[in-house]
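Note that the structure is predicted; figures quoted are calculated from it, not measured.
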Amino acid sequence: MSAAASLPENAGAAAAEAPLLSVSDLTLHIPMPPHVLRAVDGVSFDLRRGETLGLVGESGSGKTLTALMLMRLLEPPLAALPKGRVQFGDTDLMALDEARMSALRGRAISMVFQEPMTSLNPVMTVGRQIAEPLVRHLGLSAREAAARAEEMLRLVQIPDPARVARAYPHLLSGGMRQRVMIAIALACRPAVLVADEPTTALDVTVQAQILELLGELQREMGSAILLITHDLAVIAETAHRVAVMYAGRIVEEAPVAALFAAPRHPYTRGLLASIPKIERVPAPTLPEIPGMVPGAADRPRGCAFMPRCARAVSGCAAEAPPLDPIAPGHRVACWNPANG
Amino acid sequence: MIGFIAWRLLQAIPLLIGVSLIAFGLMHLAPGGPLAVYTLNPSIQAQDIERVKIIFGLDQPIYVQYLKWASGIFSGNWGYTFFGGRPVLGVILERLPATMLLMGSALSVAIVLGLSIGVLGAVKRYSVFDVLATSGALFALSFPTFWFGLMAIFVFAIQLRWLPSGGMWELGEEGNIISLLQHLVLPTLVLALVITATWSRYSRSAFLEVMQQDYMRTARAKGLPPAARLMRHAFPNAAKPLIALLGVELPFLFSGALVTETIFGWPGMGRLFVDALNMKEYPILMGMMMFTAIFVIIGNLLADLAIAVIDPRVRLR
């Protein structure tokens, strides 16, 4: 509710200040003899106060693993494998021990998951589940936390919050449950919210409501959101900037408008070209990207997109292209990017 | 709730009728018939047997015998023992406290131990502890209870002389609580051993299952410390299958108590059953079968009620 958080109007001003969260060279290589699965391969991005960064990519591109790594939520045996830095203020989250990290989770950095149906504890009332982080992090008494939980339910626009607080999750619809998940995640007013496909399991009208709600709460609380999705339409509506992932790497990163207007990476262009457009009648056959995403084990040594790329040049097979600036705020990892 | 309980008790009636038919039928099918204790005794003469038959009503048609006995079950008259002519229900109830004490203490030990071992095994999966617990459970489950009982007596009562080998009290010390506890230790541990093994296995898999659920990840994402996640989130969810298991396991507990009580001379229902079997005391055997069936039905009913209390999704109807 601070004044500094009136986004997106002053997104330009926000861009000037230091990033809230700075992810650099995040890597998850999973040894699976005789291969090494390069599930996430040197992902770097910045997240600024009050900003929504969309992380978009196909299934298996490493989006969710990236989110789980920066939350430090990977379970053994994967828990020990991530490398890289996640700079949050003065601290590198990757270097924290579990106790300190757990003190930040739900307080400074929260996460909303893809499956609202299974992400709530079925045998605990909704109110108690929202109150838990308040008791844990803010030291509220049970009674204060219960009152705040009801307040949170009102904030996520659930009708009759007092009654819902006493209800168990199985009585709520998917959309309601995702609102509850958001209420849990935002209860302690975290600086960063990681939302992993928050609307994928919901039907389209509910999707729009949830995204709108996230936007409203962001303006009110000033949180930065990392929005993970495979749905470019969601990105177009919600995000300020986009990072496109392919095969464990970010291949292009740009402000939303720039990316949709002038995509530079051939993969991004392919993605955008395959979105059906309503105004074109009769509908032409949608162009598709030929071939398949390479498996994490048998990725080419050079650019992972090379085998499917129409713009491939001789250098592509030799070395993976770095993610370099091509225009202000626009980075692309390609040896032969398309013109803007 | 009341309706559910009434409905479940109604459902139990056909089951009890079935059990009573089997109990009654077995007695008549057994070699020598219901009066085997007399007919197989060469020193008793034929006319005496005829007289006893009339006394016990065994000269009447078989369905009359059954109906008389079955209606007696409902009215509290469970028949009379061959030896001493005492009321069967009284004889059984007299043994109930000893069995309840043994089963209760064994079950408490087993649940606390089994649950702790299972949870630790689940939390530290594939650790040295987990492997030892798994093989230990397998060991405990692969040997018969009587072997453990005899070993316990041999080691702790005969070799080490730490604990008494059997009975419930020292002679002349009836009512002495210290003496009772000393006598309780070995049979409790032996009876608890197998239940602990079963429980550690079941609770391990129940917790492993629960810990993979999405809501456990949510609990972690909230920043809850491990103990809070385990106690508040994992435990209530994992407890459901375990309570159901408790209801189902009651009969096994009974049969375990039977062996344990016999080995340790514990004056409970299990030993009563074995003694009655040896003496062909059919009225007691039939009564015991009915009593056990009723006990198991009530146990399962309580388990279902407990599950409904824990899980709001379970509707009682």
Closest heavy-atom pair and its distance - [X], [Y]:
{"X": "Met111(A)", "Y": "Ala221(B)", "answer": "CB-CB, 4.5 Å"}
{"X": "Pro236(B)", "Y": "Val123(A)", "answer": "CB-CG2, 3.7 Å"}
{"X": "Asn237(B)", "Y": "Asn121(A)", "answer": "ND2-OD1, 2.9 Å"}

Review point. In terms of heavy-atom proximity below 4.5 Å to chain B, should Leu74(A) be classed as side chain, backbone, both, or neither?
Key: backbone
Exercise for review: Measure Arg136(A) against the heavy atoms of chain B and call it side chain, backbone, both or neither at under 4.5 Å.
Suggested key: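 Just its side chain gets close to chain B.
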Point to revise | Leading residue by heavy atom contact count with chain B [cutoff under 4.5 Å; candidates Arg107(A), Met71(A), His137(A)] | key: His137(A)
Point to revise | Greatest number of heavy atom pairs closer than 4.5 Å to chain A - which of Ala219(B), Pro312(B), Pro226(B) | key: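 Among Ala219(B), Pro312(B), Pro226(B), the one with the most close pairs to chain A is Pro312(B).
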Check your understanding: Are side-chain heavy atoms of Gln212(B) and Glu75(A) found at a separation under 4.5 Å?
Key ->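 Sidechains of Glu75(A) and Gln212(B): no contact.
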Point to revise | Identified side chain to side chain contact (heavy atoms under 4.5 Å, CB included) partner of Tyr215(B) from the options Pro169(A), Ser119(A), Pro122(A) | key: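 Looking at Pro169(A), Ser119(A), Pro122(A), the match for Tyr215(B) under the side chain to side chain contact (heavy atoms under 4.5 Å, CB included) is Pro122(A).
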Flag yes if more than 12 heavy atoms outside [X] fall under 6.0 Å of its [atom1] atom; otherwise flag no.
{"X": "Ile2(B)", "atom1": "CD1", "result": "no"}
{"X": "Tyr126(B)", "atom1": "OH", "result": "no"}
{"X": "Tyr202(B)", "atom1": "OH", "result": "no"}

Nearest 0.5 Å please: distance from the [atom1] atom of [X] over to the [atom2] atom of [Y].
{"X": "Phe113(A)", "Y": "Thr218(B)", "atom1": "CZ", "atom2": "OG1", "answer": "5.0 Å"}
{"X": "Glu115(A)", "Y": "Gln213(B)", "atom1": "CD", "atom2": "CD", "answer": "12.0 Å"}
{"X": "Arg217(B)", "Y": "Leu73(A)", "atom1": "CZ", "atom2": "CG", "answer": "7.5 Å"}
{"X": "His170(A)", "Y": "Asp311(B)", "atom1": "NE2", "atom2": "CG", "answer": "7.5 Å"}
{"X": "Met181(A)", "Y": "Asp214(B)", "atom1": "CE", "atom2": "CG", "answer": "9.0 Å"}

Check your understanding: Between Arg313(B) and Leu171(A), is there a donor-acceptor pair closer than 3.5 Å when you use the side chain of the first and the backbone of the second?
Key -> no
Check your understanding: So, Lys222(B) side chain and Gln129(A) main chain: donor-acceptor pair closer than 3.5 Å or not?
Key -> yes
**Study point:** Audit row: Arg72(A), Arg220(B), side-chain contact (heavy atoms from CB on, under 4.5 Å) steps and yes/no
**Key:** CA-CA 10 Å; Arg72(A) 293 269 310 275; Arg220(B) 250 190 106 199; 5.6 Å; no
Revision key, fill the gap. Turns out that what part of Arg232(B) lies under 4.5 Å from chain A's heavy atoms comes down to both
